[in-house]
Amino acid sequence: MRLTTAQALVRWLIAQRTELADGTEAPLFPAVWAIFGHGNVLGVGRALEEQRDRIPVWRGQNEQGMALAAVGYAKATHRRQVGVVTSSIGPGALNMVTAAGVAHANRLPLLLLPGDTFVSRAPDPVLQQVEHFDDPGSSVNDAFRAVSRYFDRITRPEQLINTLPQVARVLTDPADCGPVVLALPQDVQAESFEFPEALFETVVHRPLRPRPDKTALAAAAELIDEATRPLLVLGGGVRYSGATAEAVRFAEAHGIPITETTAGRTLVPHTHALHAGPLGVTGSASANALAAEADVVIAVGTRLQDFTTASWTVFNPGVRLVTINTARFDAVKHGALAVVGDVKAVLSELDCAPRVATGWTSWAAAERAKWDAHITSLRAPGDGLPTYAQVVGVVNDLSGPDDYVMTASGGLPGELIGGWRGTGESTMDVEYGFSCMGYELAGAWGAAMARPAGVVTTLLGDGSYLMLNAELYSAAFAGHGFVAVVCDNGGYAVIDRLQRGQGGAPYNNMYDDCRTGLDEPPKVDFAAHAAAQGCATFTADTLDDLRGAYAKAREAAATRPAVVVIKTHPSSWTEAGAWWEVGVPEVPVEKARQVRYLRNDA
């Protein structure tokens, strides 16, 4: 059939289906987010309009926000569905680079369709074109190469025939999953070709479950058999494989304590007898204590990021590491005995019998009980401004097993990772792979679209709110509700804490330490601002106020975003007692100043 490049691409998107975790089928590409400009409105824009009854298109206010919403959607569906975002050329395209980084770091699927300059070059330089003196074939879209799993520039319509299967491969592959970028020159979008009808036949993409190598599996079982103090670390790969039940059964069969990474949080119910708590810098003292004593660590579906490993100081120096991962890149890290394969398949086939020491499991439970008591004490009401732990405690108490909680940056990840008491499986999204400020609101929009059952709640600081809040209006306009709890602590408090904690002077983080030409600079009325964007708004001064405001916000979120604003203490943090490696100057600050002054005098 003769179609334009854009028409063929949209028809192919519609033909792709996916199998969800419950076994039902759904569109692989459930939605497109779009801001139209001269680089895509007449190509992709027209093709989408022709199919408006078959694939919904949502209008955002900022390309980065739209792409982050698509990332939030993918995470909420456990990578089973993929958001698509299209933009014009130039600044619209470049706005999506950060979101591509978020998807890349977190191994999440995302399809970006930025417009591009003319392949013909006849009208060059066109509006929004950046000219490269030494490379006329490149454009700003080449900036995506560093944050793409797969990048292609379509310069002829028929290239789609070979490229689109590769697009589907990357977006659905458990090992290579990540962002795909198809740069679409605006003249090529409108060019036509006789595409084969077979390209548009329905395809159902089901989860791939590669089996492990038998030799590697046997070697892992032999090593685990020698363990007396084994520890199980569950990461996001367990979530995406749908292997929680297998992981819990494996732990229960051998009495192995379970810890979770950031991406693996809420896989295991908080009340499970073997749940030892989350691991790492933002984790729990209980899990970190076990890691320091474990002789064999079984790391399942995790890339072992530095916050999980406390910059590789959390484990016993003599620990033996067994990794189970679909990605060989992650499995072979740090000299681990690598078992490459689908997590669910590997755990089902791993036949081992560790000689767990008497008292190891009970000690783990005792350490977890101490951590629980510590969190309870942090949540207890006190004098002064509410703390992050107290705010999280209120939200946690009023949330149910079908609800979904989110955050991304600042101090709140530590409070959610370390202190949240989960009841529902995989009901948390802490974007701490890229820790992207602004994801909290945009990602919540996508998550609310993907999870109509239950309440999506996102917690964020005033800094993240100010950085990227326009998608509040997008969600309000679209009728997608969620709750945003905005903790106003007067600036970038967590970085101020890092700055001062490593010997630096308070500078440029809290508003009180920022340069201003005013005696009394303005302060933001977050509730009024959110109301102006169509949100229901509530304010709270105390924990009792917050409890009532959050309960009302949950009801209001049935039809639109609801924003709860509360002033919080700027330096209240939950500590897990772990190390984090940062670049501390080798010359002390005061010494460096003295050297400079001496040189000036000389």
Q: For side-chain contact (heavy atoms from CB on, under 4.5 Å), just list the numbers for V296 and L231, CA-CA rounded to whole Å, side-chain angles, deciding distance to a tenth of an Å, and then say yes or no.
A: CA-CA 6 Å; V296 174; L231 185 66; over 6 Å; no
Q) With distance as the sole criterion, is a donor-acceptor pair present between the side chains of S464 and S409 under 3.5 Å? A) yes
Q) Quick one: do E349 and R211 make a salt bridge, cutoff under 4.0 Å? A) yes
Q) Can you find a heavy atom in the side chain of D330 that is under 4.5 Å from one in the side chain of R107? A) yes
Q: Apply salt bridge (Lys or Arg N to Asp or Glu O under 4.0 Å) to the pair R153 and D116, showing each step before the final yes or no.
A: CA-CA 9 Å; R153 178 175 282 111; D116 213 327; 2.8 Å; yes
Q.
Does any part of the side chain of I324, heavy atoms only, come nearer than 4.5 Å to the side chain of V340, both counted from C-beta?
A. no
(Q) Under the side-chain contact (heavy atoms from CB on, under 4.5 Å) test against D342, which residue among P210, P212, P174 passes? (A) P210
Q.
Taking Y432's backbone N and O only, do any of them form a donor-acceptor pair with Q305's side chain (distance below 3.5 Å, no angle check)?
A. yes
Q: Please report the closest heavy-atom contact between G277 and S286, naming both atoms and the distance.
A: CA-OG, 4.3 Å
**Q.** Note: E246-R249 ion pair, threshold 4.0 Å (strictly below)
**A.** yes
Q: Kindly state each residue pair satisfying salt bridge (Lys or Arg N to Asp or Glu O under 4.0 Å) with at least one member in residues 410-433, sequence neighbours excluded.
A: K75-D429
Q.
Using every non-hydrogen atom in the two residues, find where L68 and A442 come nearest and quote the distance to one decimal.
A. CB-CB, 3.7 Å
Q) Taking atom types as modelled, is there a side-chain donor on E19 or H205 under 3.5 Å from an acceptor on the other? A) no
**Q.** Pairwise side-chain contact, N288 with L279, heavy-atom cut-off 4.5 Å (strictly under)
**A.** yes
Q: Please report the shortest heavy-atom distance between A299 and L321, naming the atom on each side.
A: CB-CD1, 4.2 Å
Q. Is the shortest heavy-atom distance from the side chain of L9 to the side chain of L113 under 4.5 Å?
A. yes
Q.
Just to verify, which of H275, M428, R239 counts as forming a side-chain contact (heavy atoms from CB on, under 4.5 Å) with L267?
A. R239
Q.
Can a donor-acceptor pair be found, under 3.5 Å and without considering hydrogens, that links the side chain of H78 to the backbone of R80?
A. no
Q: Starting at CG of L20, measure out to CZ of R206 and round the result to the nearest 0.5 Å.
A: 11.0 Å
Q) Of all residues at least two apart in sequence or in a different chain, which pass the side-chain hydrogen bond (donor to acceptor under 3.5 Å, both in side chains) check with S348? A) none
Q) So H374 and W371, would you call those rings parallel, tilted or perpendicular, with 30° and 60° as cut-offs? A) tilted
Q: Begin from the C-alpha positions of V85 and E63 and carry the test side-chain contact (heavy atoms from CB on, under 4.5 Å) through to its verdict.
A: CA-CA 8 Å; V85 189; E63 291 85 358; 5.6 Å; no
Q.
Once you measure the plane-to-plane angle for F195 and F193, does it fall in the parallel (<30°), tilted (30-60°) or perpendicular (>60°) bin?
A. perpendicular
**Q.** Inter-residue atom distance E440.CD - F482.CZ, 0.5 Å rounding
**A.** 11.0 Å
Q. Does any non-hydrogen side-chain atom of V356 lie less than 4.5 Å from one of T361?
A. yes
(Q) Has S284 got a side-chain atom pairing as donor or acceptor with P278's backbone, closer than 3.5 angstrom? (A) yes
Q.
Check this for me, if you would: do E201 and R11 make a salt bridge, where the nitrogen-to-carboxylate-oxygen distance has to be below 4.0 angstrom?
A. no
Q. Looking only at side chains, do R209 and S241 share a donor and an acceptor under 3.5 Å apart?
A. yes
Q. Is it the case that more than 12 heavy atoms not belonging to Q166 sit under 6.0 Å from its CD atom?
A. yes
Q. Hey, are the side chains of H104 and R149 touching, using non-hydrogen atoms and a 4.5 Å cut-off?
A. yes
Q) So does R320 pair up with D295, basic N to acidic O under 4.0 Å? A) no
**Q.** Closest approach of V71 to A103 (non-hydrogen atoms, all atoms of both residues)
**A.** CG2-CB, 4.1 Å
Q. Roughly how far, to the nearest 0.5 Å, is the OG1 atom of T308 from the CZ atom of R303?
A. 8.5 Å
(Q) If we ignore hydrogens and angles and just use 3.5 Å, is the side chain of T5 paired with the main-chain N or O of V188 as donor and acceptor? (A) yes
(Q) Please check: side-chain N/O of R145 versus main-chain N/O of Y150, any donor-acceptor pairing under 3.5 Å? (A) no
Q) Among pairs that include at least one residue of residues 443-459, which meet side chain to side chain donor-acceptor pair (under 3.5 Å), considering only residues two or more places apart or in two chains? A) W445-H480, T457-Y550
(Q) Would the distance check show the side chain of D22 and the main-chain N or O of T24 forming a donor-acceptor pair, the cut-off being under 3.5 Å? (A) yes
Q: Indicate whether the side chain of Q159 and that of R156 have a donor and an acceptor atom separated by less than 3.5 Å.
A: no
Q.
When you measure from the side chain of R79 to the backbone of P109, do you find a donor-acceptor pair of N or O atoms at a distance under 3.5 Å?
A. no
Q. Quick one: does T323's side chain have a donor or acceptor within less than 3.5 Å of a partner on A331's backbone?
A. yes
(Q) How close do V455 and D403 get, counting heavy atoms only, and between which atoms? (A) N-OD1, 2.7 Å
Q.
Would you say that L217 contacts V346 through its side chain, given a criterion of any heavy-atom pair below 4.5 Å between the two side chains?
A. yes
Q | CD-OG1 distance between E575 and T282, expressed to the nearest 0.5 angstrom | A | 11.0 Å
Q: Say whether, by atom type as modelled, one donor and one acceptor occur between the side chain of S148 and the main chain of F151 under 3.5 angstrom.
A: no
(Q) To the closest 0.5 Å, what do you measure between CE (M66) and CH2 (W58)? (A) 13.5 Å
Q.
To the nearest 0.5 Å, what is the distance between CG on D176 and CZ on R169?
A. 5.5 Å
Q: Give a yes or no on whether the ring-centroid distance for W12 and F29 is below 6.0 angstrom.
A: yes
Q) Run the side-chain contact (heavy atoms from CB on, under 4.5 Å) check on L498 and V582 step by step: do they pass? A) CA-CA 9 Å; L498 175 63; V582 292; 4.3 Å; yes
Q.
Do L232 and V300 make a side-chain contact, defined as non-hydrogen atoms from C-beta onward lying under 4.5 Å apart?
A. yes
Q: Mark yes or no for whether T326, through its side chain, and G341, through its backbone, hold a donor-acceptor pair below 3.5 Å.
A: no
Q: Run the ring-centre check on F307 versus W580 and record whether the distance is less than 6.0 Å.
A: yes
**Q.** Q51 vs I14, side-chain contact (heavy atoms from CB on, under 4.5 Å): CA-CA, chis, key distance, verdict
**A.** CA-CA 9 Å; Q51 302 291 340; I14 294 169; 3.7 Å; yes
Q) Looking only at heavy atoms, which two atoms of C436 and Q64 are closest? And how far apart? A) SG-NE2, 4.1 Å
Q) Going by atom types alone, do S311 and T313 pair a side-chain donor with an acceptor below 3.5 Å? A) no
